[in-house]
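Notes to accompany the following structure.
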Amino acid sequence: MAVVVVESPAKAKTINKYLGDDYTVLASYGHVRDLPAKDGSVDTEHDFGMTWEVAPESKKHVRAIAEALKTDDTLILATDPDREGEAISWHLQEALASSLKKGKKVARVTFNAITKDAVTQAMKAPREVDQALVDAYLARRALDYLVGFTLSPVLWRKLPGARSAGRVQSVCLRLIVEREMEIEAFRAQEYWTVKAVLTTPRGQDFEATLTVLGGKKLQRFDIPTSEAAEIAVQAVRSRPLKVAAVEAKPATRNPWPPFMTSTLQQEASRKLGMGARACMNAAQRLYEAGHITYMRTDGIDMAPEAVSAARAEIGARFGASYVPDSPRIYKNKAKNAQEAHECIRPTDMGLSPEKLRAEEDQRRLYDLIWKRTIASQMASARLERTTVDVASPDGEVALRATGQVVLFDGFLKVYDEGRDDDGDDEGRLPQIMAGEPAEKKAVTPDQHFTQPPPRYTEASLVKRMEELGIGRPSTYASILATLVERDYVAKDKNRLIPQDKGRLVTAFLTNFFRRYVEYDFTADLEEELDDVSAGARDYKDVLARFWRDFSAAVAETADLRIGEVLDKIDEFLSPHLYPPRADGSDPRICPTCGTGRLHLKTARSGGAFIGCGNYPECRYTRPISGGEEGAGGERVLGTDEAGNEIALKDGRFGPYVQRGEATEDRPKPDRASLPKGWAPAELTLERALELLSLPRKVGPHPEDGEMVEAGIGRFGPYVKHGSTYANLPEVEEVFTIGMNRAVEVLAQKASRGRGARTVAGPLKVLGAHPDGGEVQVMPGRYGPYVKWEKVNATLPKGMEPEAVTLEEALALIAEKAGKSGKKAPAKKAAAKPAADKAAKPAAKPAAKKAPAKKAPAKAAGAKKAPARAAKSEE
């Protein structure tokens, strides 16, 4: 039997089902070898020789394949049909070299879909490992290694706090940072438009926008103020209007091509909210299950048999009118070796999404792929676009209305591509005829402001990288994931926001390694690697040329001082670090001493911050992201008794108050987030100081003397005793709660945490009952109560537990006993003749001892239960 090796066990299981017992199908579980994570793994002095080692977790998989080859003479490498798949096959062949001696055969097969037909056909056309594709892989891996292991140490030495830099990741990060800088530098410009709701003679309304004023065609900013807008409104209102022209033009919309990797990631982000990595994981499982073709491809062409199947499915589902006269052919723009691959499509056009049995994320992604594929072969949509011009007889004002009508939906019946930024769709217009009057129903001005460019989403960033030729489809998901994992970028509502670390790294690389984060340089290098994969260029020549210049650039930074690096970065990031102040003063002048200039500095902890140049005389500092008064939402509230400045700031997780500023000795100043419901604009110094004083000491617990505290945590306001946390219903109670209320809340939490009634310690012992036994004031789930033996009487509303007297308690107990039918005192039954007492000498002592033994047991449980409850609070 031949030994067939694929990457994953899921793929092995599916293929084994198609090949049967004549083959042994095993999984390599991805790559089996890699470059060791240490210097020297790529030897730049000796023709870029590479040292490879089998990963510890891969040794058992290589061993299993070697064992199978002892009884089989043929090794068939059936890894994925791309550069990475070719590399896995090459690594396997190299790692198994000792087992492949003595005439054993090695064959490489590829298939674009895991179907029985595709797999069996591939087995009939074996070939050797494609060395050109392997060389392209080797070049990429060596480049990434050389950049990472050469540039990252420079970052660590010259830019404390930075983690690492990658060849393509750094360019992608630059895109995100520069977009954010564009947004920060943007200044909104006001402009106005005028709209009118007009009515036809048949009583149908439509909306039109003012396009001509004073006989002149309006440009975007020709109505700059509300006063100018009101003049325009009056000009429209004071004139009769009639329809000057109605123009209807037919239009056609053609379907989108089927998916390739980048467009699939974009649409999955827009329509399903899937990140690039989640999208590719779901697609991988669909591919291994045999439902879709290979999902890492630059190709958009479709196999002829798939086109025929799609056209047949369209006719059967929607009718002949939805099938175009001839098949649609999509031409590929890709230039690399992956262009030979098909698009991403279903392997069986008849398997509609509702029939697919798979996990939810796979089913949703398959639904997207199926619809896009079917739509790509459907008839075009036919539209009618209508433009209506309405004008005054004197020509001083004119308005325009536009709309469209779908005459035949075509492919839109199944699918339309999403957009990152939705615009207004043109609506349908009523019947309007030239020459008829247009009555004015309403004329209104609308204020607008120009908008900054939007932050990148994963979809729009992938699209931009594709346009620039940066990276390749198979790398996009890992690039984005790496940037987030390194804390260079954060995701908020699907938008990518650069973090301070990311800004610093970009500033450093842009100033000292600019060539290597240039978009054109990175795209040109990608083309050279594509030439390698096509066999048109030697990969070692590419490496030698890159390394010669790159190593020289690294050497130039050897003598750089950290201060020099920080000055360059400070200048590059100055619009972000020193935003304009509301009063127009120099944003780089220290707000504390008034003479020192602010500079970017580094702390011993490795982080960066903004500090005054007059240090140590002036110790003013602030975080890189922290704004000053008048910028970033900060407001100085005053100072505390020690002279520390108390400020309200706007942070990543919302508004907070801060005492003092970060210093080299104290990099983390006191901070407290504003509780939910607190309006930042109404915050006073007194309230800020109360927040900063939390947690507040309530007092020692009456049972064990351990301090009870009140504070505000991640789950809201609470009281704490030992390891027990109990929630408070209102934030304000944190500042006012007393010991009695705190003990009650803690006892209630203990009872809920243990799932049984808990005997807590008394709040107060009032004295002895006339019939024997203590009368106590106890904390309860529904409020404090007085207790005697088995009678519990709730304190009336307004009666404070600490003020209850014994006489009041006796009255409450007697009343409670009477209502419940109990004979008060319940203990009178014990007053029996001496003869009875002698007859049962052990009964009474036992009755007295039982409660005494039971109560401590419950009390012990009460201490354990809060610990369990505390876990759910933390």
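Among residues two or more places apart in sequence or in another chain, the side-chain hydrogen bond (donor to acceptor under 3.5 Å, both in side chains) test is passed with Glu458 by Lys491. By the ring-ring contact (aromatic ring centres under 6.0 Å, His included) test, Phe521 pairs with Tyr516, sequence neighbours left out. Listed by chain and residue number, Tyr287 satisfy the ring-ring contact (aromatic ring centres under 6.0 Å, His included) test with Tyr294 (two or more places apart in sequence, or in another chain). Scored by the side-chain hydrogen bond (donor to acceptor under 3.5 Å, both in side chains) test, Glu436 finds Arg202 as partners (sequence neighbours excluded). Listed by chain and number, the residues in a salt bridge (Lys or Arg N to Asp or Glu O under 4.0 Å) with Asp446 amount to none (sequence neighbours excluded). Scanning for side-chain contact (heavy atoms from CB on, under 4.5 Å) contacts around Thr506 gives Leu173, Arg174, Val177, Thr510, with sequence neighbours left out. A search for side-chain contact (heavy atoms from CB on, under 4.5 Å) contacts involving Phe186 returns Ala188, Thr450, Pro452, not counting sequence neighbours. Looking at residues two or more places apart in sequence or on another chain, you find no ring-ring contact (aromatic ring centres under 6.0 Å, His included) involving Tyr519.
Residue Arg179 comes nearest to Pro454 through the heavy atom pair NH1-O, 2.6 Å, listed as atom of the first residue, atom of the second, then distance.
Counting only residues at least two apart or in different chains, ring-ring contact (aromatic ring centres under 6.0 Å, His included) contacts with residues 212-271 comprise Tyr191-Phe221. Screening residues 307-316 for side chain to side chain donor-acceptor pair (under 3.5 Å) gives Glu313-Arg317 as the qualifying pairs, with residues at least two apart or on separate chains.
Side-chain atoms of His448 and Thr193 include a donor-acceptor pair closer than 3.5 Å. Residues Gln499 and Arg503 have side chains that never bring a donor and an acceptor to within less than 3.5 angstrom of each other. One side chain, Ser460 or Thr457, offers a donor N or O that lies under 3.5 Å from an acceptor on the other. Gln431 and Gln204 share no side-chain donor-acceptor pair at under 3.5 Å.
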Could you list the donor-acceptor pairs under 3.5 angstrom formed between side-chain atoms of residues 362-370 and any protein atom two or more places apart in sequence or on another chain?
residue : atom : partner : partner atom : Å
Arg363  : NE   : Glu360  : OE1          : 3.4
Arg363  : NH2  : Glu360  : OE2          : 3.0
Arg364  : NH2  : Leu272  : O            : 2.9
Tyr366  : OH   : Leu351  : O            : 2.5
Asp367  : OD2  : Lys371  : NZ           : 3.3
Trp370  : NE1  : Met349  : O            : 3.0

Atom pairs and distances, side-chain donor-acceptor, residues 229-244, under 3.5 Å, sequence neighbours left out:
residue : atom : partner : partner atom : Å
Glu230  : OE2  : Gln234  : NE2          : 3.1
Arg237  : NH2  : Val443  : O            : 3.0
Ser238  : OG   : Gln234  : O            : 2.9
Ser238  : OG   : Ala235  : O            : 3.3
Arg239  : NE   : Asp394  : OD2          : 2.9
Arg239  : NH1  : Ala235  : O            : 3.1

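Annotation: Phe411 is not in aromatic contact with Phe318 [ring centroid separation under 6.0 Å not met].
Of the possible polar contacts, none joining the Glu485 side chain to the Leu483 backbone as a donor-acceptor pair under 3.5 Å is found. With Thr211 contributing its side chain and Ala398 its backbone, the two residues share a donor-acceptor pair below 3.5 Å.
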